[in-house]
Structure formats: structure tokens, C-alpha cells
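As the structure lists them, so they are numbered: ligands from 1, and atoms in each ligand from 1.
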Amino acid sequence: MLVIENVTKKFGNKKVLDGVSFKADAGEFISIIGPSGAGKTTLIHALIGAEKIDAGRIYVDQYNVNRLHSNKIQEYRRKIGIVFQDYKLLPHKTVFENVAFALEVSGYSKDFIKKRTTEVLRLTGLEDQRNNFPKELAGGEKQRTALARAIVHDPELLFADEPTGNLDPDNAIALAHLLLKINKGGTTIIVATHNKEVVNTFKKRVIAIDGGKIISDKKNSGY
Ligand SMILES: Nc1ncnc2c1ncn2[C@@H]1O[C@H](COP(=O)(O)OP(=O)(O)OP(=O)(O)O)[C@@H](O)[C@H]1O
Ligand SMILES: [Mg+2]
């Protein structure tokens with residue numbers, strides 16, 4: 001489902017990604033780990049088509065991600081889900097509206113949107129917060145709202161960059177279990193994180209990068 005071949009990305013003269021190659025099958029769960037500055041966020045940005053690469057190829061299904069024109073980029077983005085560390089919630093919309101909004105822009109019927117949004121709020125444990133605004137939420141609830149929004153359209157592939165970065169240890173582990181549950185539902189997941197406990201909770205494939213290079217790639221692994 002995902003093939004990344006010899007990807008190189010430079011910022012100025014510095015190679016931030018240096019010959020990165022790996023494949024992911026449908027249904028896999030991959031943690032990308034490595035120290036600060038290793039290139040994790042740059043790699044996620046390249047995978048979602050938010051950052052151009054200098055050499056190599058990235059394929060997700062039939063999408064040649066680095067070569068997409070803007071209308072195709074929009075189409076590709078609608079097929080994937082993305083969770084960022086800083087949530088990016090809409091402040092003047094409630095939890096329900098933030099999650100539903102992702103479906104409204106895709107033109108689904110009102111009934112479908114209500115049904116699907118309610119279902120996803122249940123999955124992410126946000127039923128009681130559905131009418132709250134982001135400023136009324138705890139960090140863990142904001143992050144779960146961001147996750148609910150990212151999966152409401154049932155993406156085949158979910159990318160998350162430090163999804164537990166702003167959470168306390170208990171909330172981080174709870175979010176890790178939620179990601180595992182979403183993966184069990186069939187969504188392929190790629191998470192960039194340096195949270196050891198979270199990676200050890202996943203016990204899934206771990207790709208370690210350092211200085212823009214893959215230094216290990218292990219199945220059923222930990223940090
Ligand atoms: N837009 C940019 N312009 C110049 N350099 C950049 C840019 N974005 C990232 N870098 C550099 O690329 C390197 C990798 O950054 P990246 O954000 O991918 O690391 P990371 O592994 O996600 O780190 P962290 O764990 O702190 O999030 C760093 O040295 C960073 O300073
Ligand atoms: Mg990062």
C-alpha cells in the first residue's frame with residue numbers, strides 16, 4: 001500500500017532524509033522513532049505530500065505522492081487521515097462540529113454525517129464532550145477530538161506525528177490503546193513519536209531513524 005524508495009530531502013546543504021526506503025502493507029502499524037531532529041516530522045510531511053522531496057519516490061496506492069498536482073493532492077488527502085501534535089481544532093466549533101466538519105466538506109448527507117460522527121465520538125470516548133468547545137477540553141480530550149476528526153471519513157491510512165506529545169503518561173497510554181483499536185478496525189497506521197512507553201504499548205513494527213537514515217526496522221518491537 002505504501003512504498004518509499006531512496007527518499008532524500010535537503011534543507012540547505014543539510015540532508016534531513018538520506019536514502020530512506022521501506023514498504024508498508026495494508027493493515028500494518030508502524031512507529032517511526034528517533035531523537036529530536038532525526039527527520040521524523042519531515043518524513044511524515046513527505047508522506048502526506050506537504051513537503052517536496054529532492055530525490056526518490058513515494059507511492060501510496062496509485063498516488064505518486066511527490067508528483068501530485070493540487071487537485072490530486074486534495075483527492076489523496078481525503079483518502080488519508082492526519083493527526084498533528086498541536087491538534088489544529090477549529091476554536092468556534094464544538095467537538096461534534098469539529099469532527100462533522102471533515103464530512104461536511106466532502107458533501108455527505110446530514111443524516112449520514114450525524115450517524116457517523118456519533119459513532120466516532122463513541123469510539124474515541126467523547127460522547128459527553130460533544131457540545132464542548134476546544135477551550136473547554138482537557139489535553140487528552142483535544143487530542144482525541146483531533147483523532148476522531150482524522151478517522152471520521154474512515155481512511156485506509158492514518159498518519160500521526162507525536163500524537164501523545166502534549167499528553168500526560170496516562171492519557172498517552174490511553175491514546176496508544178485507541179490507535180491500536182483503530183488499527184484493529186483495518187486502518188493502516190504510521191506514527192512518529194519519541195515516547196518510549198507508547199511505542200512499547202504498541203509492540204508493533206518499529207523503524208528507527210537517526211540523521212535522516214533508517215538504522216533499524218523490526219517487527220513486534222519496542223523502543
Ligand atoms: N523548514 C525547515 N527548514 C530548515 N530546516 C528544517 C526545516 N524543517 C526541519 N528542518 C531541520 O530538519 C531536521 C529534522 O527535523 P524534523 O522536524 O524532521 O525532526 P524530528 O525527528 O521530527 O524531531 P522532533 O522529535 O524534535 O520532532 C532538523 O535538523 C530541523 O532543524
Ligand atoms: Mg517532529
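Taking CG of Leu179 as the start and OG1 of Thr193 as the end, the distance is 10.0 Å to the nearest 0.5 Å. The CG atom of Asn66 sits 6.0 Å away from atom CD1 of Ile58, with the distance rounded to the nearest 0.5 Å. The distance from the CG atom of Leu157 to the OH atom of Tyr76 is 6.0 Å, given to the nearest 0.5 Å. How far NE2 of His69 is from CD of Gln74: 13.5 Å, rounded to the nearest 0.5 Å.
Not a single heavy atom of Gly34 sits under 4.0 Å from any atom of ligand 1. Between Lys14 and ligand 1 there is a heavy-atom distance shorter than 4.0 Å.
Across Thr118 and Arg130, no two heavy atoms sit closer than the pair OG1-NH1, 3.8 Å.
Listed for the Ser31 side chain is no donor-acceptor partner under 3.5 Å among the backbone atoms of Ile33. Using modelled atom types, no side-chain atom of Lys40 and backbone atom of Ile32 make a donor-acceptor pair closer than 3.5 Å.
Checking Ile32, Thr42, Thr193 against atom 16 (P) of ligand 1, the nearest heavy atom belongs to Thr42. For atom 14 (C) of ligand 1, the nearest non-hydrogen atom from the set Ala192, Gly37, Gly212, Pro35 belongs to Gly37.
Atoms of ligand 1 lying under 4.0 Å from at least one heavy atom of Ala38, given by number and element, are 19 (O), 21 (O). Atoms of ligand 1 lying under 4.0 Å from at least one heavy atom of His194, given by number and element, are 25 (O).
In this structure, atom 25 (O) of ligand 1 lies nearest to the protein heavy atom Lys40 NZ, 2.7 Å. The closest protein non-hydrogen atom to atom 26 (O) of ligand 1 is Ser36 OG, 2.5 Å. Nearest protein heavy-atom contact of atom 9 (C) of ligand 1 is Phe11 CE1, 3.5 Å.
Remark: Lys9 qualifies as a cation-pi partner of Phe11 under the 6.0 Å distance and 45° angle criteria applied to the six-membered ring.
With a 4.0 Å heavy-atom cut-off, ligand 1 is reached by the side chain of Val16 but not by its N, CA, C or O.
A salt bridge links Asp217 to Arg205: at least one charged side-chain nitrogen sits closer than 4.0 Å to a carboxylate oxygen.
Inclusion of Thr41 in the first shell of the Mg ion (ligand 2) is supported: an N, O or S atom falls under 2.8 Å.
Atom 4 (C) of ligand 1 lies below 4.0 Å from at least one non-hydrogen atom of the protein. Within 4.0 Å of atom 31 (O) of ligand 1, not a single protein heavy atom is present.
Residue Thr41 places at least one N or O, backbone or side chain, under 3.5 Å from an N or O of ligand 1.
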